[in-house]
Amino acid sequence: MTIQLTVSGMSCGGCAASLQKALLTQPAVSEASVDFASRQAVIESELSREELIALIEARGFTAE
């Protein structure tokens with residue numbers, strides 16, 4: 001399932017790249033794209049929206 005989230009707390013493109021890389025290391029995530037400019041993350045995953053938010057928040061960002 002594809003889930004789109006708004007991510008807050010990123011201060012640069014490096015933050016977006018780091019978060020994207022972290023998401024892609026999750027076995028249940030098949031695709032992830034994080035865009036710093038739009039503050040959007042689009043994730044293709046078997047995980048629920050709540051589980052993805054928890055993963056993002058564990059990296060120090062806020063997602064909704």
Side-chain angles (χ1 to χ4, degrees):
M1 127 179 73
T2 301
I3 297 174
Q4 183 169 342
L5 299 168
T6 300
V7 180
S8 302
M10 296 186 292
S11 59
C12 64
C15 292
S18 173
L19 178 57
Q20 181 172 311
K21 184 177 179 180
L23 289 167
L24 288 170
T25 64
Q26 299 298 315
V29 174
S30 56
E31 291 182 36
S33 175
V34 182
D35 184 68
F36 170 66
S38 67
R39 301 183 326 142
Q40 296 296 304
V42 180
I43 306 158
E44 180 70 30
S45 175
E46 298 169 14
L47 298 174
S48 70
R49 181 179 190 85
E50 292 75 22
E51 289 171 313
L52 291 170
I53 289 172
L55 282 174
I56 292 170
E57 290 181 346
R59 302 290 300 171
F61 305 104
T62 304
E64 58 183 333

Tightest non-hydrogen contact, residues R59 and S18, listed as NH2-OG, 3.6 Å

CE (M10) and CG (L19) are apart, to the nearest 0.5 Å, by 7.0 Å

*asked:* With side chain to side chain contact (heavy atoms under 4.5 Å, CB included) as the criterion, how do L52 and V29 come out once you've worked through the C-alpha distance, each side chain's angles and the decisive distance to 0.1 Å?
replied: CA-CA 9 Å; L52 291 170; V29 174; 4.2 Å; yes

What one should report as the nearest heavy-atom pair of S45 and A28 is OG-O, 2.9 Å

CG of D35 to CD of Q40, rounded to nearest 0.5 Å, is 8.0 Å

Heavy-atom nearest pair, S48 first then I3, reads C-CD1, 4.0 Å

Closest heavy-atom pair, L23 versus A32, reported as atoms and distance to 0.1 Å, is CB-CB, 3.9 Å

request  = Walk me through it: do V42 and E31 pass the test side chain to side chain contact (heavy atoms under 4.5 Å, CB included)?
outcome  = CA-CA 8 Å; V42 180; E31 291 182 36; over 6 Å; no

If you measure only the distance, is there a donor-acceptor pair under 3.5 Å linking the side chains of E57 and T62?
-> no

In this structure, CG of L5 is separated from CD1 of I43 (nearest 0.5 Å) by 5.0 Å

For M1 and L47, the nearest pair of non-hydrogen atoms, with its separation, is CE-O, 3.7 Å

Scanning both residues in full, the closest heavy-atom pair of V7 with A41 reads CG2-CB, 3.8 Å

* Step through the shown structure and confirm whether more than 12 heavy atoms of other residues, nucleotides or ligands are within 6.0 Å of CD on Q4. => yes

One should read off an interatomic distance between S30 OG and E46 CD, to the nearest 0.5 angstrom, of 7.5 Å

